[in-house]
Trainee: 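Please find one structure pasted underneath; my questions will follow.
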Amino acid sequence: MELWDVYTVNREKTGRTWERGTRLPQDDYHLVIHVCIFNKDGQMLIQQRQPFKDGWSNMWDITVGGSATVGDTSQQAAMRELEEEIGLKLDLSNTRPHLTVNFDEGFDDIYLVEADIDLDELTLPEGLSKTEMDCARTSTSESHSSRRVSLRL
């Protein structure tokens, strides 16, 4: 069971929590994050979602994304999602989101990070199964690179 902090429209924590999977009441909001990693050539690291995932299954997606859980700051949620989904440890503790998008149920903090990541080094942390994504590659807006790697367990 995943729990979220509940926020006001002004992004202040209410002190209440909400269980993922149920719709938030009107005027309650939660925090999600997305991280887009670009290499020095401007290629974004993208991931292919697992075929059994609800929503956008088997589709290519940005580097990582997910909901902040109870107690997470935006930066902590971004670092956790990077490690959980692709086994990458990056220190974002002093990084502000480049963009925040408001949506019906919350706030989406988007981080744009430049880092040269060796695709062969991406692994799932020990004890985690391939629940989020199947493989990763780099891509530009014009085309995907020809290099695609499956994540190692």
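Quick note: residue numbers are just sequence positions, from 1. Computed from a predicted structure; not experimentally measured. Basis for what follows: all heavy atoms, side chains included, without hydrogens, waters or symmetry-related copies.
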Trainee: Could you tell me the separation between the CG atom of Leu82 and the CG atom of Leu45, rounded to the nearest 0.5 Å?
Mentor: 9.0 Å

Trainee: Working to the nearest 0.5 Å, report the span between OG of Ser57 and CD of Gln48.
Mentor: 10.0 Å

Trainee: Can you see which heavy atom on Gln75 is nearest to which on Leu92, and at what distance?
Mentor: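 Nearest heavy atoms, Gln75 then Leu92: CG-O, 3.1 Å.
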
Trainee: Shortest non-hydrogen contact from Pro97 to Tyr111?
Mentor: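 Closest heavy-atom pair between Pro97 and Tyr111: N-CE2, 3.5 Å.
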
Trainee: Give the minimum heavy-atom separation between Gly71 and Asp5, together with the two atoms involved.
Mentor: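 Minimum heavy-atom separation between Gly71 and Asp5: N-OD2, 2.8 Å.
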
Trainee: For the pair Ile117 and Leu88, evaluate side-chain contact (heavy atoms from CB on, under 4.5 Å) and give the outcome as yes or no after the intermediate values.
Mentor: CA-CA 9 Å; Ile117 307 299; Leu88 182 63; 3.8 Å; yes

Trainee: Going by side-chain heavy atoms closer than 4.5 Å, which hydrophobic residues are tied to Val70, directly or by a chain of links?
Mentor: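 Hydrophobic cluster check, Val70: joined to Met1, Leu3.
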
Trainee: Rounded at 0.5 Å granularity, tell me how far CZ in Phe38 sits from CD in Gln43.
Mentor: 11.0 Å

Trainee: Any side-chain heavy-atom pair from Leu24 and Glu105 closer than 4.5 angstrom?
Mentor: yes

Trainee: Going by the rule salt bridge (charged side-chain N to carboxylate O under 4.0 Å, His left out), which residues pair with Asp28 if we only count those two or more places apart in sequence or in a different chain?
Mentor: Arg16

Trainee: Distance from Thr95 atom OG1 to Met79 atom CE, nearest 0.5 Å?
Mentor: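 Rounded to the nearest 0.5 Å, the OG1-CE separation comes out at 8.5 Å.
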
Trainee: Output yes when a side-chain donor or acceptor of Asn39 lies under 3.5 Å from a complementary backbone atom of Asp41, and no otherwise.
Mentor: yes

Trainee: Has Gln47 got a side-chain atom pairing as donor or acceptor with Thr63's backbone, closer than 3.5 angstrom?
Mentor: yes

Trainee: Got more than 12 heavy atoms from elsewhere within 6.0 Å of CG, Asn10?
Mentor: yes

Trainee: Which ILVMFWY residues can you reach from Tyr29 by hopping between side chains whose heavy atoms are under 4.5 Å apart?
Mentor: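 Once heavy-atom contacts under 4.5 Å are chained together, Tyr29 belongs with Tyr7, Val9, Leu31, Phe107.
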
Trainee: If every non-hydrogen atom of Arg80 is compared with every non-hydrogen atom of Thr69, which pair is closest and at what distance?
Mentor: NH2-N, 3.6 Å

Trainee: CG/Leu90 to CD1/Ile37 distance, rounded to the nearest 0.5 angstrom?
Mentor: 5.0 Å

Trainee: Any chance you could pull the hydrophobic cluster mates of Phe103, using side-chain heavy atoms under 4.5 angstrom and chaining through other members?
Mentor: Val32

Trainee: Does any non-hydrogen side-chain atom of Thr8 lie less than 4.5 Å from one of Thr14?
Mentor: yes

Trainee: Tell me every residue that passes side chain to side chain contact (heavy atoms under 4.5 Å, CB included) with Ile62, counting only those two or more places apart in sequence or in another chain.
Mentor: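 Only His34, Cys36, Met44 meet the side chain to side chain contact (heavy atoms under 4.5 Å, CB included) criterion with Ile62.
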
Trainee: Output all residues satisfying side chain to side chain contact (heavy atoms under 4.5 Å, CB included) with Asp104, sequence neighbours left out; order by chain, then residue number.
Mentor: none

Trainee: Decide whether Ser93 and Asp91 meet the rule of one side-chain donor and one side-chain acceptor closer than 3.5 Å.
Mentor: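 Distance-only check passes for Ser93 and Asp91.
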
Trainee: So does Asn102 get a backbone contact from the side chain of Asp108, meaning a donor-acceptor N/O pair under 3.5 Å?
Mentor: no

Trainee: Can you name the closest pair of heavy atoms from Ser67 and Glu81 and give their distance?
Mentor: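 So the minimum-distance heavy-atom pair works out to O-OE2, 3.9 Å.
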
Trainee: Minimum heavy-atom separation for Lys40 to Glu114, with atom names?
Mentor: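 Minimum heavy-atom separation between Lys40 and Glu114: CA-OE2, 3.8 Å.
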
Trainee: Quick one: does Glu85's side chain have a donor or acceptor within less than 3.5 Å of a partner on Val64's backbone?
Mentor: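 Here the side-chain-to-backbone pair does not exist.
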
Trainee: Can Trp60 be reached from Leu112 by stepping across I, L, V, M, F, W or Y side chains whose heavy atoms are under 4.5 Å apart?
Mentor: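 Shared cluster, yes.
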
Trainee: Tell me if a side-chain donor or acceptor on Gln76 pairs with a main-chain N or O of Thr73 at a distance below 3.5 Å.
Mentor: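 Flag set: sc Gln76 to bb Thr73 pair under 3.5 Å.
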
Trainee: If Ile, Leu, Val, Met, Phe, Trp and Tyr residues are connected whenever their side-chain heavy atoms lie under 4.5 Å apart, and connections chain through other members, are Ile86 and Ile33 in the same group?
Mentor: yes

